[in-house]
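Following: one structure in structure tokens, then a few remarks.
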Number of protein chains: 2
Amino acid sequence: MAKVKLIDVAQLASVSKSTVSQYLNGRFDYMSKETQVRIRAAIKELDYVPNPIARNLKADKTKTIGVIVRDITGFDTSRTIRGVDDYCKAIDYNALIYNTDFDPDIEAKSLEALYQLRVDGIIIASSGKNNQLISDYIKKGMPIVHFQLEHDGSEKNLILSDYRQAAFDATEYLIQLGHKRICFVTQDFKNVKSRNERYIGYASALEKHHIPLDKNLIQYWQRETGFEHSPKSILSASAAPTAFFTQHLAITTELLTHLNQEKISIPDDVSLIGFDEIPMAEFFKVPITVVKQEPYIIGKEAAKLLLENINDKNRHSQKIMISCSITQRQSCASPREDISL
Amino acid sequence: MAKVKLIDVAQLASVSKSTVSQYLNGRFDYMSKETQVRIRAAIKELDYVPNPIARNLKADKTKTIGVIVRDITGFDTSRTIRGVDDYCKAIDYNALIYNTDFDPDIEAKSLEALYQLRVDGIIIASSGKNNQLISDYIKKGMPIVHFQLEHDGSEKNLILSDYRQAAFDATEYLIQLGHKRICFVTQDFKNVKSRNERYIGYASALEKHHIPLDKNLIQYWQRETGFEHSPKSILSASAAPTAFFTQHLAITTELLTHLNQEKISIPDDVSLIGFDEIPMAEFFKVPITVVKQEPYIIGKEAAKLLLENINDKNRHSQKIMISCSITQRQSCASPREDISL
DNA sequence: CAAATAAGATAAACCGGTTTATCTTATTTG
DNA sequence: CAAATAAGATAAACCGGTTTATCTTATTTG
């Protein structure tokens, strides 16, 4: 590519490499006005651009951070990454994205790759299967901030939605509509604190309103195998729920598919509030009410937090929570009288 | 971070830096078996990881490419980037993403930033406002491949959907349903070949079926100002269209919003086929039929084409076209009799 | 006016690797 | 058995910058 190097500029301006380097780094008081003028002219004439590789080698900095996510393609994820990237670009950093599809092996490889690349820091939404590995890298001096997923034992730098409050709000919203049997649809939440937090929010909203928690209304879903019990069977059980509260977009989507297939109508037969914003929800047959997170803000804040840690290695770690908000649409209504009895 | 360097390994293994370097680069026939064993042991003991920065400085390669897009957040765009990234990661490359929001200034700055970073090549969906700048960089030796957007005068390496065929297919599909007055809703397409191609596809489908092209059925939309004529006014004109064919997702979305507001029903009052896949379309009040592109494949192919150019600078440039396909849903029906007369 | 200081600039070491030319020593060749 | 060759290894230059110690020369100080 560009073959002009610092020495060429130095020769053209009849000064030493050192002086040109000083000039490039803005230390103008080390040279006379005329020298500055000559260097400026030489740089312009040669169309010189400093080589950041050489510069970074000396500085032991890459001005690059790594971001490890499940899949950049996700609606919220792409927005988080945009937030990270906007913050980075503004301070002349770059972000390297690694998609893991939540495979712990790929996650481990991504961490190692970023470590080898000497990125200045890493932002990760981790699977929770590599906690030991991650703390090893932290020990080696790599600044790491977690986002969105919190795991027991990973109490380091962390930024995430206030899941507990959000789940509390969503549950209370349904209660205020008159629901008493609210089905909490979730992935397994042991060891995954950010899922457990939602559960706590749900439970405490029930408690506040003196509604007993019915374990049968906690329903599980897995990415590979789907629902443990089909939505249809859940709805035809003895004390069937009058509302679903799904804990993330993939669950919401799959539940909707089931409900459509079974011709179960929302909100007439059952109400639904989902966690995570739904793209184009306004065009849905029934626009779905959601608790929406702020992925873009989370991305920006994550980048900010990481950079603070990069620039001050002795910083105490912190946990930042971002509020969620309910976007009311048309999937929640008061339960039918006959059911609520 | 890792402070172990090559010289440490060399000392521990009691050999010279050169030999360790040879080892690292797999040139084992330059040393004895025992030496190899000693070096291997030393690397392991010290947990040594070569510094790619130093390596790249010498190699004058960064193993990094740049990707300039409007916004990573877009449904198709995020998938294209995933394609690019998957290809890159498989060959030990990284991709740096730059979002421009289609601002030509930001686009120019992104190009310059990537040039200064010495990336090995660039993939760009360009605004068309920086054609001169782009050819300057190409002249300076930067491999660049365009994707999705083709502009007059930028006939270099290019990968994009077969827009002409896709528009032809979509138009013919509507014709076969009985439509004769099909409204082609587009952004201004002079100087933007990839938009013009759609127009040609549309026009030639009409011609094949002996339907005269009515200029009043070509309707314009702009990102900032929206529709030139409101959909309502278009539909109440004398020879109103019986179907809309929108040229990308943003147009489709905005048209849907208008139609909903005016309580114009699809496909009863008017049919609609959109360009670009729509997320979660299956849950729509009226699931929209679309011509869908293959963003992931385009991303992979773009990366592949770029790498070919990086590795063989004298390569002749090429243009690759990827087929689109129609996903039939429920927004297209035969026109009402009274209207078609 | 000699000594101390300030201004302006440079030489040389360094960052962490790679590569090429060269050197040793042992082995093969005629 | 001397000369040529092969095997194994290293010294030194290089990639393109930055930084520190040092050097000149002009200016200030007492």
Side-chain angles (χ1 to χ4, degrees), chain A residues 1-43 46-64 92 115-120 141, chain B residues 1-40 42-43 46-64 92 115-120 140-141:
Chain A
M1 232 70 56
K3 291 161 201 163
V4 179
K5 33 193 194 170
L6 188 139
I7 186 109
D8 302 317
V9 175
Q11 276 164 5
L12 184 61
S14 312
V15 292
S16 69
K17 279 169 62 180
S18 325
T19 305
V20 178
S21 178
Q22 303 289 24
Y23 176 91
L24 291 174
N25 291 286
R27 291 187 281 272
F28 299 125
D29 28 345
Y30 286 157
M31 69 203 74
S32 67
K33 270 279 169 214
E34 304 143 51
T35 305
Q36 288 178 39
V37 172
R38 283 214 314 285
I39 293 176
R40 179 164 27 250
I43 288 176
L46 296 174
D47 206 8
Y48 169 71
V49 169
N51 184 334
I53 310 279
R55 202 171 249 187
N56 289 340
L57 177 58
K58 182 71 179 184
D60 197 26
K61 266 209 169 190
T62 54
K63 290 226 173 192
T64 302
D92 202 24
Y115 176 74
Q116 297 197 186
L117 281 170
R118 262 87 167 167
V119 294
D120 294 348
Chain B
M1 230 69 55
K3 292 160 201 163
V4 180
K5 33 193 195 171
L6 189 138
I7 187 106
D8 303 315
V9 175
Q11 277 165 4
L12 184 63
S14 313
V15 292
S16 69
K17 280 172 59 182
S18 325
T19 305
V20 178
S21 178
Q22 303 289 24
Y23 177 90
L24 290 173
N25 291 285
R27 291 186 281 273
F28 300 123
D29 29 344
Y30 287 157
M31 69 203 74
S32 67
K33 269 279 168 213
E34 305 142 51
T35 304
Q36 288 177 40
V37 172
R38 284 213 314 283
I39 294 177
R40 180 165 26 251
I43 289 176
L46 297 173
D47 207 9
Y48 170 71
V49 169
N51 183 334
I53 310 280
R55 204 171 246 187
N56 288 339
L57 177 58
K58 182 71 180 185
D60 198 24
K61 265 209 169 191
T62 54
K63 290 225 173 195
T64 302
D92 201 25
Y115 176 74
Q116 297 196 187
L117 281 171
R118 263 88 168 164
V119 293
D120 294 349
K140 287 183 189 173

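Within every chain, numbering begins at 1; the chains are lettered A, B, ... in the order of the sequence lines, protein sequences first and strands thereafter.
As rounded to whole Å, 9 Å separates atom P of C/dG16 from atom CG of B/D8. Atom CD of A/E34 and atom C1' of C/dG8 are 11 Å apart (whole Å). Straight-line distance from the CD1 atom of B/I53 to the P atom of C/dG16: 11 Å, rounded to whole Å. What separates CD1 of A/I7 from P of D/dT18 is a distance of 13 Å, to the nearest Å. Atom P of nucleotide C/dA26 and atom CE of B/M31 are separated by 20 Å, given to the nearest angstrom. For B/Y23 and C/dT18, the OH to P distance is 13 Å, given to the nearest whole Å. Atom CD of B/Q22 is separated from atom P of D/dG8 by 13 Å (rounded to the nearest Å). Atoms NZ (B/K17) and P (C/dG17) sit 9 Å apart, rounded to a whole Å.
Under 4.0 angstrom from either OP1 or OP2 of D/dG8 there lies no side-chain N or O belonging to B/T35. Note on A/N56: every side-chain N or O is 4.0 Å or more away from OP1 and OP2 of D/dG17. Neither OP1 nor OP2 of D/dA9 sits under 4.0 Å from any side-chain N or O of B/T19. Of the side-chain N and O atoms in B/K5, one or more sit less than 4.0 angstrom from OP1 or OP2 of C/dG16. Look at A/R27 and you won't find any side-chain N or O under 4.0 angstrom from OP1 or OP2 of D/dT18. Distances shown here put a side-chain N or O of B/Y48 below 4.0 Å from the OP1 or OP2 atom of C/dG17. Of the side-chain N and O atoms in B/S32, none sit less than 4.0 angstrom from OP1 or OP2 of D/dA7.
A/D47 and B/K140 are joined by a salt bridge, as a carboxylate oxygen and a charged side-chain nitrogen come within less than 4.0 angstrom of each other.
Rounding to the nearest 0.5 angstrom, the gap separating the CD1 atom in A/I53 from the CG atom in B/L117 is 7.5 Å.
Judged by closest nucleotide on DNA chain D, B/V15 is the one of B/V15 and B/L57 placed further toward the 5' end. Both A/K33 and A/S18 sit near DNA chain C, but only A/K33 has its closest nucleotide nearer the 5' end.
Side-chain contact of B/N56 with B/T62: a donor-acceptor pair under 3.5 Å is absent, judged by distance alone. Side-chain polar atoms of A/S18 and A/S21 form no donor-acceptor pair below 3.5 angstrom.
Side-chain contact between A/D120 and A/T64 is absent, with no heavy-atom pair separated by less than 4.5 Å. Residues A/K33 and A/F28 fail the side-chain proximity criterion, which asks for heavy atoms closer than 4.5 Å.
Set against C/dC15, D/dC14, D/dT10, the side chain of A/K58 has C/dC15 as its closest nucleotide. In the set D/dT19, C/dT18, D/dG16, C/dT18 carries the atom at the smallest distance from any side-chain atom of B/L6. Out of C/dT18, D/dG16, C/dA9, the shortest distance to the side chain of B/L24 is found at C/dT18. In this structure, of D/dT18, D/dG16, C/dT10, it is D/dT18 that holds the atom nearest to the side chain of A/R55.
Nucleotide C/dT27 is matched to D/dA4 when pairs are restricted to Watson-Crick or G-U wobble geometry with both distances under 3.5 angstrom. Base pairing of D/dT20 is made with C/dA11, judged by Watson-Crick or G-U wobble geometry with both donor-acceptor distances under 3.5 Å.
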